[in-house]
2 protein chains.
Amino acid sequence: MKDPMMRYPGYALRRASAAAMARLASDLAVLSVRPTEASVLMVVDANPGITQSEIGKLLDIARANMAPLASRLHKRHLMARARIDGRSQGLRLTEAGGVLVRRIEKIVTAYEAELLARIPAAHRAGFVAGVRALWGAWSQ
Amino acid sequence: MKDPMMRYPGYALRRASAAAMARLASDLAVLSVRPTEASVLMVVDANPGITQSEIGKLLDIARANMAPLASRLHKRHLMARARIDGRSQGLRLTEAGGVLVRRIEKIVTAYEAELLARIPAAHRAGFVAGVRALWGAWSQ
DNA sequence: TATTGTTATACTCTATAACTATA
DNA sequence: TATAGTTATAGAGTATAACAATA
């Protein structure tokens with residue numbers, strides 16, 4: 001059986017990312033949190049008072065998709081909203097959100113460590129530099 | 001504005017893959033073909049007579065999701081089906097499918113070249129080895 | 001005019017369960 | 001019993017268009 005995709009690094013990138021995301025999702029499932037929600041909570045934790053549109057710019061999530069996402073976290077009492085002006089609202093974690101984000105960070109850190117552990121040490125630095133270069137160069 | 005995700009290679013992997021896939025999808029759109037469809041056509045081209053479940057194993061696509069995918073390509077007269085036994089059917093490209101897959105390969109090759117070009121030469125080998133290692137180690 | 005947030009909607013890919021018919 | 005293909009359905013993430021309220 002020939003695998004014509006094997007020769008394409010871009011296809012390997014896709015498969016590596018899909019496998020890694022599936023693993024992260026299953027790790028986070030014990031907290032009933034999805035990867036995208038986890039990243040939003042981590043960004044709010046690092047930037048108290050940040051707005052939805054600012055989060056969207058950092059994480060490349062369209063404003064239209066940030067709305068239900070933020071609303072879900074708000075309804076779970078993980079984030080609080082405070083009006084900045086008539087159209088913006090600053091987000092910050094609630095107490096429960098802070099507790100949760102610390103658990104999330106533990107899981108993410110373990111996941112990231114295992115991910116790097118799967119890459120032969122000799123290629124680790126190149127891998128990290130490579131995905132960072134693609135992220136920066138291709139997210140425009 | 002702090003970006004707490006920047007330090008995580010796994011997050012960079014996700015963003016790099018998402019950006020690359022968006023680019024590939026837009027490149028392939030001129031042929032009205034999606035990335036997943038393109039990979040199926042390339043696998044059938046390389047393995048005439050292959051079955052749906054074999055394609056699914058190669059590309060990690062569940063049988064349930066292969067059915068509508070294959071049916072779509074069949075309805076577009078890009079693939080032909082020939083019964084192997086009562087439950088399997090061998091797939092091969094039609095004439096039109098063969099013409100299309102050659103156009104797909106041109107686009108994919110150009111896309112892959114540009115992807116590698118975005119990675120500094122010094123990190124290219126490490127990147128490729130890294131995504132391959134993750135693909136192999138984590139797709140189990 | 002541009003921006004923030006929102007709603008509605010659709011698309012792509014993936015995941016699970018259940019069913020048939022065959023081996 | 002196990003396998004190939006199918007159907008139905010749901011979920012996650014993303015994309016576009018349109019709108020109201022505000023700056």
Side-chain angles (χ1 to χ4, degrees), chain A residues 5 11 13-29 32-40 44 49-75 79 81-91 138-140, chain B residues 11 13-29 31-40 44 49-75 79 81-91 139:
Chain A
M5 307 310 290
Y11 183 73
L13 170 67
R14 178 188 184 178
R15 290 289 296 271
S17 173
M21 288 308 297
R23 166 60 182 261
L24 176 60
S26 109
D27 288 354
L28 287 171
S32 301
V33 166
R34 306 188 291 223
T36 307
E37 293 172 337
S39 61
V40 168
V44 174
I50 195 173
T51 65
Q52 283 183 205
S53 57
E54 287 169 333
I55 299 171
K57 275 165 204 155
L58 269 186
L59 298 179
D60 194 32
I61 301 173
R63 282 185 310 283
N65 297 325
M66 272 304 306
L69 215 176
S71 150
R72 215 157 51 229
L73 298 174
H74 181 68
K75 274 179 194 145
M79 289 192 327
R81 293 165 157 166
R83 291 230 84 85
I84 291 174
D85 59 28
R87 56 182 179 182
S88 302
Q89 42 200 330
L91 303 176
W138 237 343
S139 316
Q140 17 243 15
Chain B
Y11 183 73
L13 170 67
R14 178 188 185 179
R15 290 289 296 271
S17 173
M21 288 308 297
R23 165 61 182 261
L24 176 60
S26 111
D27 288 354
L28 287 171
L31 302 180
S32 300
V33 167
R34 306 188 290 221
T36 307
E37 293 171 337
S39 61
V40 168
V44 174
I50 196 173
T51 65
Q52 284 183 203
S53 56
E54 287 169 332
I55 298 171
K57 275 166 205 154
L58 269 187
L59 299 179
D60 194 31
I61 300 173
R63 276 70 51 199
N65 298 324
M66 271 305 304
L69 215 177
S71 150
R72 214 156 51 228
L73 297 173
H74 181 68
K75 274 179 195 148
M79 290 191 327
R81 293 164 156 166
R83 290 230 85 87
I84 292 174
D85 59 28
R87 56 182 181 182
S88 303
Q89 41 200 330
L91 304 177
S139 316

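Numbers restart at 1 for each chain; the letters A, B, ... are given by sequence-line order, proteins then strands.
- The two residues B:Ala70 and B:Met79 make their nearest non-hydrogen contact at O-CE, 3.8 Å.
- Contacts of A:Arg63 with the nucleic acid, taken as non-hydrogen atoms under 4.0 Å apart, include base atoms.
- Of the side-chain N and O atoms in B:Thr36, one or more sit less than 4.0 angstrom from OP1 or OP2 of C:dC13.
- Among all heavy-atom pairs drawn from B:Leu28 and B:Ala38, the shortest one is CD1-CB, 3.8 Å.
- In the set D:dT7, D:dG13, C:dT22, the nucleotide with an atom closest to the side chain of B:Arg87 is C:dT22.
- Comparing A:Ala22 and A:Lys57 against DNA chain C, the residue whose closest nucleotide sits nearer the 5' end is A:Lys57.
- In this model, the phosphate group of C:dG5 is approached by a side-chain N or O of A:Ser53 to a distance below 4.0 Å at OP1 or OP2.
- Rounded to whole Å, atom P of C:dT6 lies 14 Å from atom CD1 of A:Ile61.
- Here B:Ala70 lies out of heavy-atom contact (under 4.0 Å) with every strand.
- Within 4.0 Å of B:Thr51, counting heavy atoms only, lie sugar-phosphate atoms of the nucleic acid but no base atom.
- Picking from C:dT14, C:dT6, C:dC13 the nucleotide with the shortest atom distance to the side chain of B:Asn65 gives C:dT14.
- As rounded to whole Å, 8 Å separates atom P of C:dC13 from atom CZ of B:Arg72.
- In this structure, A:Arg34 reaches the D:dG13 phosphate: one of its side-chain N or O atoms is under 4.0 Å from OP1 or OP2.
- Of the listed nucleotides (C:dA23, C:dT4, D:dT6), D:dT6 has the atom at the smallest distance from the side chain of B:Gln89.
- Atoms CG (B:Asp85) and P (D:dA2) sit 18 Å apart, rounded to a whole Å.
- Between the side chains of B:Thr36 and A:Arg14, a donor-acceptor pair is found at a separation under 3.5 Å.
- At the heavy-atom level, B:Ala64 lies under 4.0 Å from base atoms of the strands shown.
- Residues A:Ser71 and A:Arg81 are in side-chain contact: their nearest non-hydrogen atoms beyond the backbone lie under 4.5 Å apart.
- As a whole-Å value, the separation of B:His74 NE2 from D:dA4 C1' is 16 Å.
- Distance CD (A:Glu54) to C1' (C:dT4): 11 Å, rounded to an integer number of Å.
- In the set D:dT6, C:dG5, C:dT7, C:dG5 carries the atom at the smallest distance from any side-chain atom of A:Gln52.
- In this entry the distance linking CZ of B:Arg83 with P of C:dT22 reads 8 Å, nearest Å.
- Here the C1' atom of nucleotide D:dT6 and the CE atom of B:Met66 are 12 Å apart, to the nearest Å.
- Counting to the nearest Å, the C1' atom of D:dG5 and the CE atom of B:Met79 are 13 Å from each other.
- One finds the CD atom of A:Glu54 at 8.0 Å from the CG atom of A:Leu58 (value rounded to the nearest 0.5 Å).
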